[in-house]
Amino acid sequence: MRSTESKLKVRQGIFNGHRVDFFKGKHAVNSLLREPYRKDSKRPEIADRDAAEQFAADLQKNGFFLRVEKQPKNKTLTLQPVQVFSPDAYYIWVYDNAPWWSNLAGVGVLVVIFLGVLFPLWPAFMRQGVYYLSLAFLGLMGLFFALAVFRLILWIGLKVVTGRGGWLFPNLFADCGVIESFIPTWGWDEVKGSKSAKSKQSDDEGGDEGADDGDDD
């Protein structure tokens with residue numbers, strides 16, 4: 001059921017402050033009835049929908065997933081006190097298989113630490129290379145802080161002279177990629193009137209999305 005070939009319809013929600021994947025009971029039953037599951041002879045045979053529901057209920061009893069309740073109009077999930085399988089209920093996986101790249105990253109951290117311990121034994125040219133790399137890194141950090149101070153001074157100057165602030169690289173501290181942080185190059189502060197109108201429009205769109213989300217359930 002957790003493989004991509006099962007085509008289990010999952011969505012993302014928030015459970016105990018963590019982002020998790022959750023699914024509906026009927027979607028789990030549908031994945032058990034699809035051809036990718038049936039063609040594997042090592043898996044338990046499922047004849048019909050009733051058998052699929054019973055198999056899903058057995059998985060829940062054995063602690064593979066938990067029944068949760070989805071709050072209306074948001075993605076917050078809470079644990080249900082009664083753990084009984086129902087096709088119309090929501091569930092989250094208890095067992096979370098760590099991806100291969102996570103294990104590889106853990107091994108990489110250990111290798112880096114081990115190489116750091118052996119730093120005094122490195123050849124002279126390698127130690128000199130690390131020294132120059134550290135200087136380059138410190139230079140980039142200094143350039144970044146200088147840019148942050150300069151854009152702040154520029155904003156203050158524009159605010160005093162024109163009454164409206166503007167930012168050089170407005171996405172510099174935004175939650176985005178490295179390249180996107182420097183796009184666009186310039187951006188003016190929004191006028192209060194246009195900001196209120198945009199907020200009202202966002203609320204209207206949010207209401208429409210809530211209605212669509214309810215239909216999807």
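Given the structure is predicted, the values throughout are model-derived calculations rather than measurements.
- Applying the ring pair (Phe, Tyr, Trp, His ring centres under 6.0 Å) criterion to F15, with sequence neighbours excluded, gives no partner residue.
- Considering every non-hydrogen atom in both F65 and L59, the closest pair reads CE2-CB, 3.6 Å.
- Put simply, the side chain of N30 reaches to within 4.5 Å of the side chain of R49, judged on heavy atoms.
- The two residues P87 and F85 come nearest to each other via the heavy atoms N-CE2, 4.2 Å.
- Under the 4.5 Å side-chain criterion, counting only non-hydrogen atoms from C-beta, L77 is not in contact with Q71.
- Note that the CZ atom of F22 and the CD1 atom of I14 stand 10.0 Å from one another [nearest 0.5 Å].
- Among all heavy-atom pairs drawn from A52 and L32, the shortest one is O-CD1, 3.6 Å.
- Contact annotation: the side chain of K75 approaches that of R11 to within less than 4.5 Å [non-hydrogen atoms, C-beta and beyond].
- Across all their heavy atoms, V82 and R67 have their closest contact at O-CD, 3.8 Å.
- Here side-chain hydrogen bond (donor to acceptor under 3.5 Å, both in side chains) pairs that include residues 54-64, with residues two or more places apart or in two chains, are Q54-D58, Q60-Q83.
- Inter-residue side-chain proximity for E180 and I183 is flagged as unmet; no heavy-atom pair is nearer than 4.5 Å.
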Please table the atom pairs, donor to acceptor, closer than 3.5 Å between any side-chain atom in residues 136-155 and protein atoms at least two apart or in another chain.
from, atom 1, to, atom 2, distance (Å)
R151, NE, L168, O, 2.9
R151, NH2, L168, O, 3.4
R151, NH2, F169, O, 2.8
W155, NE1, D189, OD2, 2.7

